Amino acid sequence: MSNNQNQLVLDALQQRFGAEVLSASEPYGLLTVEVPSNRIIDVLSFLKEHEELRMDFLTDLCAVHYPEDPGREIAVVYHVHSMVLNIRLRIKAFLPISNPEIASATKLYSAANWMERETYDFYGVQFTGHPDLRRILNVDSMDYFPLRKEYALEDETRNDKDDRFFGR
Amino acid sequence: MSELNIRNTGQLVSSETIDGEIAVLNLGPTHPATHGVFQNVLKVDGERILEAEPTIGYIHRAFEKLAERRPYNQITPITDRLNYCSSPINNMGWHMTVEKLAGIEVSKRVEYMRVIIMELARIADHLVCNSVIGVDTGALTGFTYMFQERERIYEMFEAVCGARLTTNIGRIGGFERDFPEDFKRKLDDFLKTFPKRFDEFDSLITRNRIFMDRVIKAGPITAERALNYGFTGPNLRAAGVDYDVRVMNPYSSYEDFEFNIPIGKDGDTYDRFMVRQHEIRESLSIIRQALNNMPAGKHYTEVPDYYLPPKDEVYKSMEALIYHFKIVMGETPIPAGEVYHAVEGANGELGYYLISDGGRTPYRLHFRRPCFIYYQAYPEMIQGSLLSDAVLTMSSMNVIAGELDA
């Protein structure tokens with residue numbers, strides 16, 4: 001790690017969770033770790049209650065869809081922030097699209113409530129233990145999850161913007 | 001205030017019932033007191049609110065999906081429509097996110113110019129919010145005064161980019177044009193006359209007995225709850241936490257400027273109002289500092305891959321024509337990677353979480369919209385309060401429908 005503070009966080013995580021910190025990297029200086037999806041609440045509450053780190057601010061929660069990665073199609077991404085030490089951390093957990101289920105962080109963070117509803121609304125991630133997991137921005141009668149990659153935004157036969165024609 | 005007690009069921013029941021009957025009231029989605037498309041289904045006992053259930057999404061426009069099909073320079077107009085009371089901050093935040101991803105370092109002059117525009121936008125946003133709090137307490141005069149001042153800020157934006165509300169101001173790498181003489185004249189004039197008129201507004205409202213009685217203790221939140229709810233910006237500072245992205249993670253040379261971060265104590269409507277009042281003065285000071293120390297140079301950085309060449313050169317030079325064509329077609333070299341960039345928006349931390357796979361459009365773009373996150377505290381903040389206080393609480397939270405619904 002290029003940054004001492006990031007090293008501090010990573011050491012604390014590795015000491016507590018060992019090999020369960022599946023990967024760690026530092027894209028653009030922001031420490032990013034991957035953890036198993038069934039351990040996410042343990043990791044979040046460990047960071048929140050850690051006396052030195054005090055990562056008790058949930059900045060952001062969202063999902064990403066990677067259809068080409070079987071068994072790990074949905075990534076749920078958490079951004080937490082320690083305002084005391086001013087360290088940000090990105091935590092990722094991957095879920096299979098056949099059963100996108102992860103524990104809800106609403107017990108730790110009230111802020112997670114709507115963020116999880118939004119993530120469910122757009123990606124269909126099932127947050128177990130969420131008090132009120134309903135759609136939030138889309139209509140209730142919608143029967144698909146629109147930000148998944150299989151729903152193209154434009155006419156799929158249109159190819160004037162296709163990457164192939166630009167040497168990519 | 002009548003006493004409130006919590007029954008075993010956790011439901012709030014007022015001891016001062018009118019006839020003990022609980023009514024369901026639909027506040028919004030189109031209601032003159034809600035300043036935007038917000039719906040709240042309230043359970044009220046007389047004038048007192050027992051429960052609120054917000055419904056949002058009325059103006060959802062699928063920005064995150066749209067962004068996955070747009071080249072990077074075409075996403076700026078989308079960001080305009082998030083917090084449309086201070087679009088330039090959103091625009092600049094987006095340019096900086098792309099610059100961070102592509103590893104572009106813009107010149108000091110561009111950064112200072114951005115600071116001036118962003119602080120003007122912050123003043124405009126705070127003026128709207130604070131004068132509207134006045135309107136909701138029955139003081140229309142301050143509002144009409146301050147909207148004239150906001151109008152002058154919009155005229156300055158118009159001089160730089162040609163637009164007023166949805167500005168699409170600036171480009172990746174700099175500004176579309178240097179500050180014109182017209183802008184400089186208007187800004188000078190503004191800096192001279194605005195503080196006096198703002199003082200007048202201040203003296204009309206801030207220590208006004210009626211106003212204070214209405215807003216003090218209306219819709220309070222503790223620092224602990226505010227942090228748990230993900231509050232940022234003036235609303236968090238009003239609760240007593242001195243978190244400001246401009247200081248914690250300085251961007252665009254904010255570390256060069258001296259300014260104070262005003263904080264409140266009780267997190268109520270009055271504190272939120274006061275924090276904004278003080279921030280307006282701090283913003284003025286930042287603008288003055290930026291003007292006085294403005295470095296010489298050009299209004300853009302030499303990044304021909306991203307920044308459009310001057311139009312007359314496009315007609316004469318092959319090189320410029322190629323760059324022009326590539327940028328307009330959305331063919332800018334963008335590395336694969338993921339980046340989170342946050343700016344201090346007028347109502348909180350506005351974050352851009354951008355994942356690129358190296359293609360011409362983002363693979364995923366997520367907006368961390370401050371008011372989407374803090375608006376969920378609204379039911380808790382108004383529980384047990386009077387209906388008229390709930391209206392005030394909402395306007396003092398500065399919830400902007402465009403940002404809320406993305």
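Keep in mind it's a predicted model, so treat the numbers as computed, not measured.
- Surrounding CD of B:E224 are at most 12 heavy atoms belonging to other residues, nucleotides or ligands under 6.0 Å away.
- Considering only heavy atoms from C-beta on, A:R117 stays 4.5 Å or farther from B:Q376 through its side chain.
- Counting non-hydrogen atoms of other residues, nucleotides and ligands closer than 6.0 Å to CZ of A:R54 gives a total of 12 or fewer.
- Only the side chain of B:R369 comes within less than 4.5 Å of a heavy atom of chain A; its backbone N, CA, C and O stay farther away.
- Proximity to chain B at a heavy-atom threshold of 4.5 Å picks out A:L61, A:C62, A:A63, A:V64, A:H65, A:Y66, A:P67 from residues 61-69 of chain A, in numerical order.
- When B:E380, B:H366, B:E64, B:K100 are compared by the number of non-hydrogen pairs under 4.5 Å with chain A, B:H366 comes out ahead.
- Classification of B:E349 and A:R88 as a salt-bridged pair holds, one side-chain N sitting under 4.0 Å from a carboxylate O.
- Only the side chain of B:L236 comes within contact range of chain A, judged by heavy atoms closer than 4.5 Å.
- The aromatic rings of B:Y243 and A:F57 sit tilted relative to each other, their planes meeting at an angle between 30° and 60°.
- A salt bridge links A:R134 and B:E53; the closest N-O separation between the charged side-chain nitrogens and carboxylate oxygens is under 4.0 Å.
- Taking 4.5 Å as the limit, some side-chain heavy atom of B:L227 sits within range of a side-chain heavy atom of A:M83.
- Between chain A and the options B:Y363, B:Y229, B:Y375, the largest number of non-hydrogen pairs under 4.5 Å is found for B:Y363.
- Expressed to the nearest 0.5 Å, how far OH of A:Y28 lies from NE2 of B:H341 amounts to 13.0 Å.
- With chain B as partner, the option from A:L58, A:I136, A:L30, A:T32 having the largest number of non-hydrogen pairs under 4.5 angstrom is A:I136.
- Looking only at side-chain heavy atoms (C-beta outward), A:R90 and B:Y353 come within less than 4.5 Å of each other.
- For chain A, the nearby parts of B:L101 are the backbone and the side chain; heavy atoms of each come within less than 4.5 Å.
- Of the listed residues A:H81, A:E118, A:M115, A:R135, the one with more heavy-atom pairs under 4.5 angstrom with chain B than any other is A:E118.
- Taking the six-membered ring for Trp and thresholds of 30 and 60 degrees, B:F372 and A:W114 have ring planes inclined between 30 and 60 degrees apart.
- Proximity of a side-chain donor or acceptor of A:N86 to a complementary backbone N or O of B:M248 within less than 3.5 Å is detected.
- When all heavy atoms are compared, the tightest approach of B:E68 to A:L147 is OE2-CD2, 3.7 Å.
- With a 6.0 Å radius and a threshold of 12 heavy atoms from other residues, nucleotides or ligands, B:K326 has its NZ atom at or below the threshold.
- Looking at A:F122, only its side chain comes within 4.5 Å of chain B, counting heavy atoms on both sides.
- Between A:S110 and B:R225, the side chains place a donor N or O and an acceptor N or O closer than 3.5 Å (distance only, hydrogens not considered).
- When A:N138, A:D121, A:V77 are compared by the number of non-hydrogen pairs under 4.5 Å with chain B, A:V77 comes out ahead.
- A:Q15 CD: 12 or fewer foreign heavy atoms inside a 6.0 Å radius.
- Ring to ring, A:H79 and B:Y352 are not that close: their centroids are 6.0 angstrom or more apart.
- Distance CG/B:N228 to CG/A:L108: 8.5 Å, rounded to 0.5 Å.
- In terms of heavy-atom proximity, A:A111 sits nearest to B:G230 at CB-N, 3.7 Å.
- Within a 6.0 Å radius of NZ in B:K265, other residues, nucleotides and ligands contribute 12 heavy atoms or fewer.
- Looking at B:A342, the atoms closer than 4.5 Å to chain A (heavy atoms on both sides) all sit in the side chain, from C-beta outward.
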